[in-house]
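Below is one structure, written out as structure tokens; the observations come after it.
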Amino acid sequence: MSFWLIKSRPSAFSWADLEAAPARTTAWAGVRNYQARNFMRDRMKPGDPVLFYHSQIPKPAVIGLAEVASESYPDPTQFDPGHRRYDPTAAVAEPRWYLVEIRAVRQLERPVLLRELREQPELEGMDLLRQRSRLSVQPVPPAAFLRVLQLAGSDAGGVS
DNA sequence: GCCAACGTTGGC
DNA sequence: GCCAACGTTGGC
């Protein structure tokens, strides 16, 4: 099992949106970064725990616990000329972009602010904490993942 | 709104 | 293969 963090701009898609989605699940579509794609396509497996992070707000924070809810499959938005993330270079026979589905497990007892995460020496090395990290789908070391839940006031319930 | 850091594109 | 231009991300 691997542990992950995904970022979302709440104005585009928030934790509340995920909780309100049918079956609390959504296809994580629109990612157009090869590193992020490779994680989704090759490494993310159903049941893997995922931290859900709100970016581009005054207090960026991890807000929810989610999980991978499907195997990876081609992102349909790459083939849709009307979609903002349409990729004219992608062919159905040879998809370029892949996604997994994400399911909300539970909201954290409280958001864990980026500022707080930066104060934790044992979290050094998390990609999120790199200066100007831009990777929107990233692996998290298991110990760091549990530490974030701990900071939120959770036990590791449902994760380990 | 600013701006640094990247990733991608495309001319050469 | 180089590298400038460009677009995007995301903290502040």
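Protein chains get the first letters and strands the later ones, always in sequence-line order, with residue 1 at the start of each. Computed from a predicted model, the values in this text were never measured in an experiment.
Taking 3.5 Å as the limit, the base of C:dT8 and the side chain of A:R134 contain a donor-acceptor pair of atoms between them.
The distance between atom CZ of A:R132 and atom P of C:dG7, rounded to the nearest whole Å, is 20 Å. Rounded to a whole Å, the CG atom of A:L129 is 14 Å from the C1' atom of C:dG10. Protein atom OH of A:Y34 is 15 Å distant from nucleotide atom C1' of B:dC6, rounded to whole Å. The CG atom of A:L128 sits 11 Å away from the C1' atom of C:dG10 (whole-angstrom rounding). Counting to the nearest Å, the C1' atom of C:dG11 and the NE2 atom of A:H54 are 16 Å from each other. Straight-line distance from the CD atom of A:Q138 to the P atom of B:dC6: 14 Å, rounded to whole Å. One atom, CG of A:N33, and another, C1' of C:dT8, lie 11 Å apart when rounded to the nearest Å. Across the protein-nucleic acid pair, A:R118 atom CZ and C:dG10 atom C1' stand 11 Å apart, rounded to whole Å.
Between A:R130 and B:dC6 there is a side-chain polar atom (N or O) within less than 4.0 angstrom of OP1 or OP2. Under 4.0 angstrom from either OP1 or OP2 of C:dG11 there lies at least one side-chain N or O belonging to A:Y53. Taking 4.0 angstrom as the limit, A:K7 places none of its side-chain polar atoms (N or O) nearer than this to OP1 or OP2 of C:dT9.
Nearest nucleotide to the A:L114 side chain, out of C:dG10, C:dC12, B:dC6: C:dC12.
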### Task
Decide side chain to side chain donor-acceptor pair (under 3.5 Å) for A:T77 and A:D80; before the verdict, give the C-alpha distance in whole Å, the side-chain angles of both, and the deciding distance to 0.1 Å.
CA-CA 5 Å; A:T77 65; A:D80 176 1; over 6 Å; no
### Message
A:R96 vs A:Q78, test: side chain to side chain donor-acceptor pair (under 3.5 Å). Steps then yes/no.
### Response
CA-CA 8 Å; A:R96 177 169 303 215; A:Q78 70 192 299; over 6 Å; no
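A:E122 CD to A:E124 CD: the interatomic distance, rounded to the nearest 0.5 Å, is 9.5 Å. Atom CG in A:D75 sits 7.5 Å away from atom NE2 in A:H83 (nearest 0.5 Å).
Between A:R85 and A:P58, the one whose closest nucleotide on DNA chain C sits nearer the 5' end is A:R85.
Using cut-offs of 30° and 60° for the angle between ring planes, the A:F13 and A:W28 rings count as perpendicular.
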